[in-house]
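As structure tokens, the structure follows; a few thoughts come after it.
The structure displayed is predicted, hence computed values, not measured ones. Here is how names work: the chains are called A, B, and so on, in the same order as the sequence lines, proteins then strands, and each is numbered from 1.
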Amino acid sequence: MGYYSLLTTCAFIHLLVFMPYAYSNYLENKAGQFFSSGHTNNWAVLVSLNKLGFWFNYRHVANTLSVYRSVKRLGIPDSHIVLMLADDMACNYRNPKPATVFSHKNMELNVYGDDVEVDYRGYEVTVENFLRVLTGRLPPSTPRSKRLLSDDRSNILIYLTGHGGNGFLKFQDSEEISNMELADAFEQMWQKRRYNELLFIIDTCQGASMYERFYSPNLMALASSQVGEDSLSHQPDLAIGVHLMDKYTFYLLEFLEEVHPASQANMNDLFKVCPQSQCVSTPGHRTDLFQRNPGSVLITDFFGSVRKVEITKDTINLTSSVKPPIQRSGSSDMTIESLTYVDQLPVAEIIHQKPKQKDWHPPDGFILGLWTLILLVFFQTYGIKHLKHIF
Amino acid sequence: MAAPLTLLLIVAVTIRAVLFRSSLAELISERVEVVSPLNAWKRVVEGLALLDLGVSPYSGDVFHETPLMIYLFHFTVDYAEIVFMVSPYFVDCLSCFLAPLDRFRKQKYALESDRYPADCLELLRSPKEMFYIPLKVAMFYLLNPFTILSCVAKSTCGLNNAIIALFIFCTLKGSALLSGILLALATYQSIYPLTLFAPALLFFLQRLYIPVNLRRSSFWFFTLQYAFIYVGSLVVITGLSFFLLGSWDFIPSVYGFIFSVPDLTPNIGLFWYFFAEMFEHFRLFFICVFQINVFFYTIPLSIKLKEHPVFLIFMQIAIISIFKSYPTVGDVALYMAFLPAWSHLYRFLRNIFLVSCVLLACSALFPVLWHLWIYAGSANSNFYYAITLLFNFGQILLVSDYFYAYLRREHHLIHGLYLKKKDGTEATLVLK
């Protein structure tokens, strides 16, 4: 009996003594985790590639708006979303319910909402504008709402939906962007340190061909169909008269509706969205360029703007440098060189003039030969007697 | 005769000078109808700049002029405008000698006029009519908008035309040596004047009263002489060009370029569209077909027109400028300058209204459809190609019409002007 109580008191004292230490360790681990995921802000670029004036492409706008709605719901503000809609379906004269865009039949869910902010509309959705937004090479007069002001700690979600083929996407029915151009644009973004990690989702026919050519690090890609397959649309609504959504985005929306800012759902769940039994096409994904294990990547890393906030009343000493628990393998491209000014040219090099270039002259033999021949011909035709007058 | 000619020269010089100094010069020198990759002025400047930098001008696909042109422009690049203004006047020299040609022919006809039926005398031309032909030829060339455009654009097509005109001049004057040398020079510039060897040969044979009979030794003797002069001077000129730059680079760059048509910039010819859509597999075959098409008409035409070599020259020049690989309006202007020489055929021309409408409309539509295609984006290359086709169709119709008229006149000279069938009704002539 006494032994038993001694054991419990010892354990209790042990716990009391070590608990604050364990707790501060726990806090330091948490602080380590705080800086571990690598990104500090989230951006989203959502593009709908339909052609202006085609009412049948309602579903592309509905696709994009549903992703927009999810992304806004999970915390990314409008200032960090670049929404490019090529057509105004909500105010189209063929829309029986103006100012709405529905994703579910029987008008269950209006994805247009009350506060949608479209940044690029109508004819502004072009290949050039899309690439300029991605690479940041916009004219100085472009307003902030139309720019992707990401930095090297930004996680970017890029969502494209529309019509495509093997290796290309159609913009506005008159232009194309190829998968190589897209890969090069992402490489430009990488070189300019415009993203930390990038998630690329595409819902077009043969969408997997668009991510085949990516070669920049930290890219993860999902597509609604493989090469040679078409992405199909979901259900039509009889009142509106068109197909409301594409299958892949419909199931993606259903999946995202269950995600809330604190959810721990990871990318492996996202890869399972819309299997072939539901979608008819086979969704594909690509993770070989991504540094982290997809199972450890939260959905909210890309779809939400989750701020890691830990409220604690204890002080934490951040004396030791918090090592990021994830080792980044790969080249040391991430190291940023310290900036210095360029060395001024030494004066001698400025004053030193290049020697004046000698102009080319035809060789003397050529001139001699040519004029001899000309003279010969002249005298041959006009007779030798003229020679007498010269000499 | 001298006074109107001088007036004409002054007017032509004034027009060109005014256009050179205006802002239109820049615009015109970029138009694809006027300049082609073979004879654009900016390519000449580029090639000379490359030469000054110590690099062969034929490296890269920029410069396609012959070395003798390099030599010419090396010293005159600052005075280029004067060079290009002077070159059309060579064509005038030609015109001055068309009159004696016709005198020669008139003599021939006067000798044989008693052989002709009486009603044909109206077909023969009187010296009074022929007096103004040189002036008209000069006017047709100097004041032709095509020539003016070509000159203002400083396209070396004007120089090529001058050489061909000098060649014709020397041929008509009867100097076989000069004619052979100038023909070699013209062939050296662009290969197509090779086909003018046959008419020049026929002209000399006619002049020297050597019958064109393959079994006669005198025919072969003269042919070999002329061929020797021609080939010899061609070899000498090519050798000289080698010594200018010290390399044979110019051969693939100039002649390889003309034959294999690698540059498919749109122009008024027929090659570019066809080869833009041609698969690589068949390209060689169709290159051969198209190039043979230029040379193909020489032999049949020479057989048909062996007594009329001057007209044969005209036909050959027309065929060259329609079917060559990079035609420009300067080439068109050259054979159009000859049309007044055959003004007596006017009464036999059947399609002259259609042809002139087609050519005028196409010339006006070229810049319009170019603008619509390239700048406005509301047309595409098919529109421009359609006008190209129509333009060449008009040219072919013009040439064949003149051919028909010439042959018909010859037929009338032999058989009388008012033809009657056996039962006395009026007969019609058909070109088969």
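Between A:Pro363 and B:Leu244, the shortest heavy-atom contact is CD-O, 3.2 Å.
For B:Tyr71, the OH atom counts as densely surrounded, since its 6.0 Å shell holds more than 12 non-hydrogen atoms of other residues, nucleotides or ligands. In B:Lys42, the NZ atom is not crowded: 12 or fewer heavy atoms of neighbouring residues, nucleotides or ligands sit closer than 6.0 Å. Annotation for A:Tyr215: atom OH counts as buried by contact number, over 12 foreign heavy atoms lying within 6.0 Å. Other residues, nucleotides and ligands contribute at most 12 non-hydrogen atoms within 6.0 Å of the CH2 atom of B:Trp220. When the shell of 6.0 Å around CZ of A:Arg137 is examined, it contains 12 or fewer heavy atoms from other residues, nucleotides or ligands.
Contacts of B:Leu245 with chain A are made by side-chain atoms alone, with heavy-atom separations under 4.5 Å and no backbone atom involved.
Inter-residue side-chain proximity for B:Ile237 and A:Leu373 is flagged as unmet; no heavy-atom pair is nearer than 4.5 Å.
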### Task
Kindly indicate, with the supporting measurements, whether the criterion side-chain contact (heavy atoms from CB on, under 4.5 Å) is fulfilled by A:Phe366 and B:Leu68.
CA-CA 10 Å; A:Phe366 170 80; B:Leu68 282 183; 3.5 Å; yes
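In this structure, the separation between CG on B:Leu240 and CD1 on A:Ile367 is 11.0 Å, given to the nearest 0.5 Å.
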